[in-house]
Protein chains: 2
Amino acid sequence: MSDTREQLLEVAERLTQTKGFNGFSYLDLAEEVGIKNSSIHYHFKAKVDLAIALVERTHDDLLTAMADLDKSNITPEKRIKSLISYFQGYIKEEKYCLCGMMAAELQTVGPKVKKRLVAYFADLQAWLEKQFKALGHKDAKVRALQFVSALEGSLLLARLENKPSVVGQALGNLIK
Amino acid sequence: MSDTREQLLEVAERLTQTKGFNGFSYLDLAEEVGIKNSSIHYHFKAKVDLAIALVERTHDDLLTAMADLDKSNITPEKRIKSLISYFQGYIKEEKYCLCGMMAAELQTVGPKVKKRLVAYFADLQAWLEKQFKALGHKDAKVRALQFVSALEGSLLLARLENKPSVVGQALGNLIK
DNA sequence: GTCTATATACAGATAGAC
DNA sequence: GTCTATCTGTATATAGAC
């Protein structure tokens with residue numbers, strides 16, 4: 001993976017999380033990275049290809065984070081709390097969840113992106129279900145759904161009100 | 001209020017809830033309403049003025065709906081369930097919450113819109129807190145926050161997965 | 001209130017030189 | 001891989017006639 005491509009993904013990730021995928025252009029991206037906008041098309045032929053790469057990258061990052069937590073020798077409760085911290089980190093940079101953002105923009109991102117967003121949230125829920133099962137929950141699947149809903153919604157509210165604590169409050173009851 | 005202005009608000013509301021406020025243009029709006037895009041500027045000088053009117057309208061609608069529920073002779077539990085139905089109605093039209101959508105697009109809508117989004121969610125939470133207090137909850141305020149978070153997040157997931165039932169599942173534990 | 005015409009800027013994207 | 005140059009389309013917005 002070229003350095004330019006990596007830089008493009010990093011900047012595009014931040015712009016998507018702050019302004020939305022429809023809230024920035026190849027020109028914005030080019031100026032930040034220090035190349036011409038036409039050069040971006042070499043790395044991502046169309047903007048939708050960038051969207052796909054972003055969701056896949058975010059998905060891979062999440063899978064890595066969850067696998068690391070599985071490997072670590074801590075309780076399921078602490079694993080879940082660590083995952084919350086992972087998402088909570090967005091708020092201090094005034095970011096929203098990249099996949100939540102694209103889920104909001106769903107009707108404009110195209111079917112290929114939609115498919116990958118579904119996969120992202122399915123894996124997040126599956127991992128949470130596993131943790132809740134390990135904690136002895138019978139309704140682990142529903143609990144995982146409640147958790148993801150509260151997570152995405154609280155990230156939205158926390159950024160709006162500039163109160164990172166909102167995320168912890170919204171998820172408090174669901175952890176154990 | 002002129003009929004054209006009202007039509008513009010109705011179409012803009014739907015487009016915002018489906019494609020996002022940055023996902024449609026004055027031209028899209030004009031074609032649906034059947035006027036020229038330059039005519040829209042007579043009703044809403046700049047696009048940000050349209051955004052403000054949309055949030056205020058959505059806020060007013062919510063206040064009316066909540067006031068109606070307060071007047072009706074039903075239990076707080078049923079009031080809350082009715083409010084859920086109010087939001088759940090969006091899903092079958094593949095819409096997201098207008099204020100949730102603009103909260104996602106926060107960094108591009110400007111400070112005036114942000115201020116009104118904060119007011120919208122504050123009133124929604126305040127009403128819910130009142131209902132939870134009537135149900136005897138000591139942590140009514142936190143519960144209201146949990147409810148709004150789960151509501152906004154579940155609306156996002158329900159639309160993505162085309163499963164309206166997700167909203168009820170995500171909020172189930174929080175109602176009573 | 002709505003129109004035509006226009007201004008200015010920017011969007012995503014391509015061709016071909018280097 | 002990145003550039004210059006360019007294309008085509010669209011965005012928000014304004015001026016002034018009707």
Side-chain angles (χ1 to χ4, degrees), chain A residues 1-55 57 98 101-102 104-114, chain B residues 1-55 57 98 101-102 104-114:
Chain A
M1 177 114 69
S2 75
D3 190 54
T4 300
R5 185 187 156 94
E6 183 57 27
Q7 275 184 268
L8 286 168
L9 284 170
E10 271 167 33
V11 175
E13 181 178 295
R14 175 170 50 77
L15 290 175
T16 302
Q17 290 188 256
T18 50
K19 296 162 141 351
F21 188 72
N22 295 327
F24 72 93
S25 70
Y26 269 23
L27 188 60
D28 299 322
L29 208 48
E31 281 170 354
E32 283 216 46
V33 172
I35 58 174
K36 296 294 168 182
N37 60 9
S38 58
S39 303
I40 300 177
H41 290 276
Y42 171 81
H43 301 279
F44 306 98
K45 197 161 192 339
K47 208 186 174 191
V48 66
D49 298 311
L50 175 60
I52 292 168
L54 285 171
V55 176
R57 183 184 142 102
L98 184 136
M101 184 69 85
M102 289 206 191
E105 297 174 300
L106 193 65
Q107 313 275 4
T108 64
V109 292
K112 287 184 185 175
V113 175
K114 177 172 176 175
Chain B
M1 178 112 70
S2 77
D3 189 55
T4 301
R5 185 187 155 94
E6 183 58 28
Q7 274 184 269
L8 286 168
L9 285 170
E10 272 167 33
V11 175
E13 183 180 292
R14 175 171 50 76
L15 290 175
T16 303
Q17 291 188 255
T18 49
K19 296 163 141 350
F21 188 73
N22 295 327
F24 72 93
S25 70
Y26 267 24
L27 188 58
D28 299 322
L29 207 46
E31 281 169 355
E32 283 216 45
V33 172
I35 58 174
K36 296 293 169 182
N37 60 8
S38 57
S39 303
I40 300 176
H41 290 277
Y42 171 80
H43 301 280
F44 305 99
K45 198 161 194 335
K47 208 185 174 192
V48 67
D49 299 310
L50 174 61
I52 292 168
L54 285 171
V55 177
R57 183 184 141 101
L98 184 136
M101 184 69 85
M102 289 206 192
E105 297 174 300
L106 193 66
Q107 313 275 4
T108 64
V109 291
K112 287 183 184 176
V113 175
K114 176 172 177 176

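Below, chains carry the letters A, B, ... as their sequence lines are ordered, and counting in each starts from 1.
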Backbone of A:Ala46 reached by a side-chain donor or acceptor of A:Tyr26 within 3.5 Å: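 Present.
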
Taking only the side-chain nitrogens and oxygens of [X], find out if one of them lies under 4.0 Å from OP1 or OP2 of [N].
| X | N | result |
| --- | --- | --- |
| A:Lys45 | C:dT14 | yes |
| A:Ser39 | D:dC3 | yes |
| B:Tyr42 | C:dG1 | yes |
| A:Ser25 | C:dC10 | no |

Nearest-angstrom distance from the residue atom [atom1] of [X] to [atom2] of [N]:
| X | N | atom1 | atom2 | value |
| --- | --- | --- | --- | --- |
| B:Lys36 | C:dT6 | NZ | P | 15 Å |
| A:His43 | D:dG1 | NE2 | P | 7 Å |
| B:Leu8 | C:dG1 | CG | C1' | 12 Å |
| B:Leu27 | D:dT10 | CG | P | 8 Å |
| A:Asn22 | D:dA11 | CG | C1' | 13 Å |
| A:Asp49 | C:dA13 | CG | C1' | 12 Å |
| B:Lys19 | D:dT10 | NZ | P | 13 Å |
| A:Ile40 | D:dC3 | CD1 | C1' | 13 Å |

By nearest atom, which of the nucleotides [options] is closest to the [X] side chain?
| X | options | answer |
| --- | --- | --- |
| A:Lys47 | C:dT2, C:dA13, D:dA13 | C:dA13 |
| A:His41 | D:dG1, D:dT14, C:dA13 | C:dA13 |
| B:Thr4 | D:dG1, C:dT2, D:dT2 | C:dT2 |
| B:Asn37 | C:dT2, D:dT12, D:dC3 | D:dT12 |

Answer yes or no: side-chain N or O of B:Ser38 and base N or O of C:dT2 forming a donor-acceptor pair under 3.5 Å.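 Side chain to base: no pair present.
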
Quick check: closest heavy atoms across B:Met102 and B:Val55, and the distance to 0.1 Å?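 Taking every non-hydrogen atom into account, SD-CG2, 3.6 Å.
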
Run the salt bridge (Lys or Arg N to Asp or Glu O under 4.0 Å) check on A:Lys19 and B:Glu105 step by step: do they pass? CA-CA 6 Å; A:Lys19 296 162 141 351; B:Glu105 297 174 300; over 6 Å; no

Thinking salt bridges, do A:Arg5 and A:Glu10 make one under a 4.0 Å N-O criterion?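 No, no charged N to carboxylate O under 4.0 Å.
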
Using a 4.5 Å cut-off on heavy atoms from C-beta on, say whether the side chain of A:Glu13 contacts that of A:Thr16.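 Heavy-atom side-chain distance check fails, nothing below 4.5 Å.
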
